Amino acid sequence: MAKNIYLDYASTTPADKRVVAAMAPYWDKYYGNPSSLYRLGLKSQQAIANSRHAIAKIINCQPEEIVFTGGGTESINLAIKGSVLAKKEKIHIITSMIEHPAVLNACSRLNSLGHELSFLPVDQYGLINLKDIQAAIQDNTALLSIIMANNEIGTIEPIAEIGAYLAKLNKQREKQDLSKIYFHSDACQAAGLLPIDVQKLHVDMLTINGGKIYGPKGIGLLYIKKGTLITPLIDGGGQENNRRSGTENVPAIVGLAKALELADKEKNKEAKRLAGLRDWLIKEISQKIDKTILNGHPEKRLPNNVNISIMDIEGEALLLYLDEIGIQASTGSACTSNSLEPSHVIRALGCPYEMAHGSLRLTLGKYTRKEDLKYLMKHLPVIVKKLRQVSPVKVNLKKVKESIAKAERKIIKV
Amino acid sequence: MAKIKNKKPLAATIDIVPKDSSDPWVYSPIIKDHFFHPRNLVLKAEDVKNYDGLGMIGSPACGDMMKVWIKVDKKTDKIKKMKWQTFGCGSAISATSMLSVMVSEKGGLPIDDALKIKAQDITERLGGLPVRKIHCSVLGDKALRSAINNYFHKSGQKHRIIEESKRIIDKVARVTDHDIEEAVLEGARTLEEVQKKTKVGIGNPSVLPEVEQLIRFYSEKYFG
């Protein structure tokens with residue numbers, strides 16, 4: 001049988017069989033509308049309540065602080081647009097240059113409506129500096145949105161530290177009669193692998209998505225701390241405590257709760273296992289292929305993320321070769337994006353365009369075994385050699401590294 | 001009760017589940033063939049000798065770069081061979097490979113015909129390209145023309161050299177890629193310096209990423 005090795009878990013995960021089983025009765029057995037008062041409806045209502053309770057316990061919040069949405073992108077839009085649209089005046093938003101497009105584009109939309117917007121730079125490993133946040137804050141700043149762990153390069157941001165700083169700052173601002181700065185974090189990539197405790201993280205809002213944690217796609221949640229003002233984006237029958245209308249997606253909500261429950265139980269052990277595989281793979285690539293650079297932080301990194309730029313070759317061509325031998329991976333090359341722009345995340349690290357074009361992202365998961373990675377490493381050096389033969393480009397690695405170190409890093413305000 | 005034979009899974013009976021069990025591929029079968037089996041490829045650039053024209057276009061920063069060598073039969077004015085190297089995506093690699101076949105098949109293509117090859121001709125021979133990939137094949141014909149110009153130059157046929165037409169980068173400021181090239185040649189290296197000379201992107205910031213790429217490209221081309 002042809003090989004099929006999935007190394008794109010950051011893109012999406014397969015649903016865990018236990019999740020699928022938990023969801024099963026809610027398609028055609030307990031299909032009632034949760035808003036209906038007969039028993040079949042109450043059954044659905046109960047399933048949602050149980051799911052909400054279970055999740056609240058896991059992320060350490062009150063059940064009513066959780067809003068179910070149609071996915072990570074919707075949660076992010078609700079957090080960013082919902083909290084800003086609840087304001088009467090024009091405000092200032094701060095985010096980073098390495099956010100998911102959902103955050104960047106939601107912020108840009110608000111910017112086009114007249115709100116001010118600042119983008120924070122990152123260092124060459126993708127880390128955001130607290131000092132930059134301090135420097136970017138204005139009197140009218142009302143929202144800060146930072147990704148918890150980056151989807152492309154896996155860098156884990158100091159969310160708890162930023163949150164604690166903001167909590168302290170907000171107390172001072174209250175005395176000065178300045179607006180509270182809400183803190184949202186996009187935890188889509190982090191939720192399945194890192195501990196999520198919204199109290200310890202000091203966030204006001206936090207986004208989690210089902211399709212990245214072995215749950216169903218098309219379901220997400222937004223944690224909204226009590227007292228946070230949000231204008232709903234979807235109006236209708238007033239479900240989800242008037243914050244997200246539309247008949248609840250009961251099977252998906254149950255699936256999301258089950259997925260989080262499984263992640264909570266298993267992630268410590270699994271993260272350790274994945275980190276071992278990740279480190280082996282990074283070492284193996286750097287030893288067997290010359291002229292490569294690891295993108296992202298060497299330690300503060302998701303346990304399942306490997307992102308490496310391979311000089312002189314182009315990512316899409318590499319993916320096509322890998323696909324041919326049954327390996328699924330991802331790249332930051334412009335050729336695979338609809339915009340034909342190379343990865344904004346890798347560019348933000350200070351890397352020249354050619355490094356983004358030649359980047360390879362391998363993200364590991366539940367079903368990744370050491371032998372899968374050995375199979376990859378049997379073929380990857382050969383494919384790289386072949387593509388380098390085809391390529392007229394001969395990048396000077398030293399010069400590339402120098403230009404990364406020298407890259408300009410400043411707050412961009414629009 | 002009759003036994004149900006060949007019980008199919010539910011999903012298989014529903015229309016939206018694809019019935020075709022063969023694996024899809026992102027491009028046409030011709031592109032796939034040329035991608036995995038490139039024709040006339042140069043494995044070691046230093047081994048290429050006795051060529052009559054050399055052309056290079058694009059830059060790794062842009063995501064595509066092509067280098068083309070041609071051998072010309074001077075008596076018949078036909079291209080006998082085209083060799084190449086490409087840094088780029090699958091469609092860029094296949095497009096260059098196909099181009100090399102187009103100019104050298106059937107005893108070689110007369111230079112005047114080769115100069116007329118358009119990106120669309122290559123795309124057609126490849127069995128079509130997704131719209132956003134068309135630009136990948138544009139570079140192939142440009143690289144070939146640059147090699148032919150180089151041949152004209154080397155063989156003392158300067159009157160035949162054809163200047164590439166200019167491309168408007170900023171419609172507002174009416175700045176072309178040649179203007180940016182000129183600015184770089186005159187010593188401008190940063191966006192600000194190029195803007196001082198050309199006013200490109202001032203009041204039209206959406207073009208700036210492309211301008212920055214061009215500045216890098218021309219800086220690398222002339223000052224490495």
Side-chain angles (χ1 to χ4, degrees), chain A residues 2-4 24 27-28 108 291 309-326 328 331-344 347 351-359 383 385-396 399-400 403 408 412 414, chain B residues 10 23-27 31-32 34-36 38 40-48 54-69 83-94 96-97 130-136 143 190-191 205 209-210 212-213 216-217 220 224:
Chain A
K3 285 253 184 205
N4 186 47
W27 294 111
D28 52 2
S108 293
K291 288 175 83 178
S309 282
I310 304 174
M311 304 302 134
D312 305 337
I313 65 170
E314 196 279 327
E316 195 220 55
L318 179 59
L319 290 198
L320 293 177
Y321 266 100
L322 287 174
D323 182 42
E324 204 54 19
I325 57 162
Q328 289 114 32
T331 172
S333 165
C335 276
T336 57
S337 75
N338 286 321
S339 61
L340 290 175
E341 272 297 309
S343 156
H344 66 283
R347 291 276 298 129
C351 300
Y353 280 91
E354 46 268 46
M355 260 187 79
H357 289 304
S359 69
I383 295 172
K385 196 178 160 201
K386 200 163 179 181
L387 282 170
R388 279 185 175 157
Q389 281 180 337
V390 179
S391 167
V393 176
K394 305 279 175 273
V395 170
N396 183 328
K399 270 193 183 163
V400 168
S403 88
E408 199 177 14
I412 293 180
V414 289
Chain B
L10 183 64
D23 278 344
W25 209 68
V26 61
Y27 304 120
I31 299 179
K32 187 174 183 176
H34 277 264
F35 176 67
F36 286 116
N40 304 311
L41 175 67
V42 167
L43 290 183
K44 261 187 169 172
E46 50 273 30
D47 290 352
V48 186
L54 168 64
M56 189 141 92
I57 202 111
S59 86
C62 310
D64 291 293
M65 181 167 162
M66 285 163 195
K67 201 169 178 180
V68 162
W69 293 263
K83 296 264 183 188
W84 58 274
Q85 280 190 324
T86 288
F87 166 92
C89 59
S91 47
I93 288 174
S94 301
T96 336
S97 172
V131 175
R132 60 187 192 85
K133 287 289 184 174
I134 299 283
H135 85 282
C136 304
T190 64
L191 178 63
E210 191 178 7
E212 281 181 302
Q213 282 204 21
R216 269 177 61 93
F217 168 54
E220 272 171 27

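None of the values given here were measured: they were computed from a predicted structure. Here is the naming used below: chain letters follow the sequence lines, and residue numbers restart at 1 for every chain.
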Kindly compute the distance separating NE2 (A:His357) from CE (B:Met65), expressed to the nearest 0.5 Å. 12.5 Å
With only heavy atoms counted, which part of B:Leu41 is less than 4.5 Å from chain A, the side chain, the backbone, both or neither? side chain
When rounded to the nearest 0.5 angstrom, what distance separates OH in B:Tyr27 from CD in A:Glu316? 3.0 Å
Verify the neighbour count for atom CD of A:Glu408: are there more than 12 heavy atoms of other residues, nucleotides or ligands below 6.0 Å? no
For A:Lys385, does the NZ atom have more than 12 heavy-atom neighbours from other residues, nucleotides or ligands under 6.0 Å away? no
Can you tell me how far CG of A:Leu320 sits from OG of B:Ser91, rounded to the nearest 0.5 angstrom? 8.5 Å
Taking side chain as everything from C-beta outward and backbone as N, CA, C, O, which of these in B:Lys32 sits under 4.5 Å from a heavy atom of chain A? Side chain, backbone, both or neither. side chain
Applying a strict 4.5 Å limit to non-hydrogen atoms, the region of A:Asp323 in contact with chain B is side chain
So with a 6.0 Å cut-off around NZ of A:Lys386, is the heavy-atom count from everything else above 12? no
Compare every heavy atom of A:Gln389 with every heavy atom of B:Gln85, then report the nearest pair and how far apart it is. NE2-O, 3.1 Å
Is any side-chain heavy atom of A:Leu387 closer than 4.5 Å to a side-chain heavy atom of B:Phe87? no
Pick from A:Pro352, A:Ala317, A:Ala356: which one has the most heavy-atom pairs with chain B under 4.5 Å? A:Ala317
A:Leu318 versus chain B, the contacting section by heavy-atom distance below 4.5 Å: neither
